[in-house]
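Only one structure is covered here, and it is reproduced in the block below.
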Amino acid sequence: MEEYIGLDVSLKETAISIRRGGRRIWRGKCKSDPDSIITLLHKHAPDARRVVFETGPLSIWFYHALTDAGVPAICIDARHAKAALDMAANKTDANDADGLAHLAEVGFYREVRVKGYDSMLTRTLVAARTRLVTICTELSNQIRGLMKTFGLVIPSGKGATFGNNVRMLLDGHQSLSRIILPLLKAWYGTREQAAELSRQLIAIARASQSCRLLMSVPGVGVVTATSFVTAIEDPENFKKSRSVGAWLGLTTRRYQSGEVDYDGHISRRGDAHLRGLLFEAATVILTRSSADSGLRSWGLKLRERLGFKRAAVAVARRLSVTMHAMLKSGQLFDRAVGMDPANG
């Protein structure tokens, strides 16, 4: 008979539950390492049919390591699993593993597509660069705030201009210089490393036909294009382009019960970083005349009726659908589609 396994994964230990024929036959723990789990499964569950675990920090590592070893690993949505696991009287790792094994046996779960290593490397590069850029901004703001306390207001300027202005204002303030210059040195170093990661990201985007295709959309740059491509991976992962908006949490949540039926705020599920990038691109489309297109015309009409923020969210949702359709068709963005002929 076939076995169904539930893995409750934590950073140090993984609770394991094995079911066969509608009952649990073994339960225990082992080190949170795929090799240890594979060895244990070969011993206690040689005919494993499904090995189920939730999304989490180690899910990508576990999934690829287990599948490469021939284990039928399935990663499921943690939110979906939580609704079933909360039915247990006591919240323990062992009970969670039992619940996951039961979900594997009855097939009541929502499988999650696990991204490949190449996509995750690019996404890690984007995340690291974003973090360094944020640190640069925080350091520059900190320097401005500290110097302002002593009446030294730094003129507006970015990059080398900012550093030169700081050094010029610190001339003759030796005591303050001993405090500010180390921060300025850290700012220079972080900015240099952020520039290095930016160069790597640009090289990846230039080598990718899909990224170059998406960058034909106004407001979509290197970061947004690479983030979208690595999130979607294969356009065939979505049967319909309009499903991408819901996948990214850009569609409204609906509540219907009896005579009550209304749409609420957007769900905000999925990739929060990519959702924010699409919102920024939508903002560019709505605020810059150089980004004139049918999408912009549609968004401006919405802004007059619904306000800027709601219009930007709607444009971001339609932008995600358009970008997916471009990846499927291989066609560049057509600014003329949807434009009013009377307005160009």
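Residue numbers start at 1 and run along the sequence shown.
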Heavy-atom count check: over 12 atoms from other residues, nucleotides or ligands less than 6.0 Å from Arg144 CZ? yes

Before you tell me yes or no, could you show the steps for Glu2 and Tyr4 under side-chain contact (heavy atoms from CB on, under 4.5 Å), namely the whole-Å CA-CA distance, both residues' side-chain angles and the distance that decides it to 0.1 Å? CA-CA 7 Å; Glu2 297 175 330; Tyr4 299 89; 3.7 Å; yes

Measuring from atom CG of Asn164 to atom CZ of Arg167, what distance do you get when rounded to the nearest 0.5 angstrom? 8.0 Å

Tightest non-hydrogen contact, residues Leu286 and Ala311, listed as CD1-C, 4.1 Å

Between Leu213 and Gly330 the two heavy atoms that sit nearest each other are CD1-O, 3.6 Å

Test item: Phe162 and Ile143 side chains (from C-beta on) under 4.5 Å apart, heavy atoms: yes

Any side-chain heavy atom of Trp26 sitting closer than 4.5 Å to one from Ile16? yes

Are Leu277 and Leu125 co-members of a hydrophobic cluster defined by side-chain heavy atoms under 4.5 Å apart? yes

With sequence neighbours excluded, residues passing side-chain hydrogen bond (donor to acceptor under 3.5 Å, both in side chains) with Arg303: none

Compare all side-chain heavy atoms of His102 with those of Arg19 and state whether any distance is below 4.5 angstrom. yes

Heavy-atom distance under 4.5 Å between the side chains of Ile180 and Met147, does that happen here? yes

Is the closest basic N to carboxylate O distance between Glu304 and Lys301 below 4.0 Å? no

Kindly indicate whether the side chain of Phe62, heavy atoms from C-beta on, has any atom under 4.5 Å from the side chain of Ser32. yes

Hey, does Cys30 have a side-chain heavy atom less than 4.5 Å from the side chain of Ile37? yes

Using the rule given for side-chain contact (heavy atoms from CB on, under 4.5 Å), can you reason through Leu176 versus Leu152, listing the C-alpha separation, both sets of side-chain angles and the distance that settles it, and then say yes or no? CA-CA 11 Å; Leu176 185 59; Leu152 303 177; 3.6 Å; yes

Result block: side-chain N/O donor-acceptor pairs under 3.5 angstrom for residues 267-274, not counting sequence neighbours:
{"unit_1": "Asp271", "atom_1": "OD1", "unit_2": "His273", "atom_2": "N", "d": "3.1"}
{"unit_1": "Asp271", "atom_1": "OD1", "unit_2": "Leu274", "atom_2": "N", "d": "3.1"}
{"unit_1": "Asp271", "atom_1": "OD2", "unit_2": "Arg123", "atom_2": "NH1", "d": "3.1"}
{"unit_1": "Asp271", "atom_1": "OD2", "unit_2": "Arg123", "atom_2": "NH2", "d": "2.6"}

Can you confirm whether or not the ring centre of His80 sits under 6.0 Å from the ring centre of Phe108? yes

Examine His64 together with Tyr117 and report whether their ring centres are nearer than 6.0 Å. yes

Salt bridge (Lys or Arg N to Asp or Glu O under 4.0 Å) with Glu3: which of Arg24, Arg49, Arg20? Arg20

Taking the six-membered ring for Trp and the single ring otherwise, decide whether the centroids of His324 and Phe238 are under 6.0 Å apart. yes

To check you understand the geometry: which heavy-atom pair defines the closest contact between Ala231 and Trp247, and what is its length? O-CH2, 3.4 Å

List the steps, then state whether side-chain contact (heavy atoms from CB on, under 4.5 Å) holds for Leu278 with Met323. CA-CA 10 Å; Leu278 290 174; Met323 292 168 67; 3.8 Å; yes

For residues Glu233 and Lys115, determine if any side-chain heavy atom of one lies less than 4.5 Å from a side-chain heavy atom of the other. yes

Single-linkage hydrophobic cluster, 4.5 Å side-chain cutoff, Ile135 and Val166 together: yes

Taking a hydrophobic cluster as the set of Ile, Leu, Val, Met, Phe, Trp and Tyr residues connected by side-chain heavy atoms closer than 4.5 Å, whether directly or through intermediates, do Leu100 and Ile5 fall within one such cluster? no

Can you tell me how far the CZ atom of Phe228 sits from the CG atom of Leu319, to the nearest 0.5 Å? 7.5 Å

Do Phe279 and Leu250 have side-chain heavy atoms sitting under 4.5 Å apart? no

What one should report as the nearest heavy-atom pair of Ala65 and Ile38 is O-CD1, 4.1 Å

Please report the C-alpha distance between Leu332 and Met326 in whole Å, then the side-chain angles of each, then the deciding distance to 0.1 Å, and finally whether the side-chain contact (heavy atoms from CB on, under 4.5 Å) criterion is met. CA-CA 7 Å; Leu332 295 171; Met326 290 169 59; 5.5 Å; no

Is atom CZ of Arg23 surrounded by more than 12 heavy atoms (other residues, nucleotides or ligands) closer than 6.0 Å? no

Apart from Met168 itself, residues in the same hydrophobic cluster as defined by side-chain heavy atoms under 4.5 Å: none

Spell out, yes or no, whether Tyr188 and Leu146 are grouped together once hydrophobic residues are joined by side-chain heavy atoms under 4.5 Å, including indirect joins. yes

Can you see which heavy atom on Val223 is nearest to which on Arg129, and at what distance? CG2-NH1, 3.7 Å

Heavy atoms of Pro218 and Ala291 approach each other most closely as CB-CB, 3.6 Å

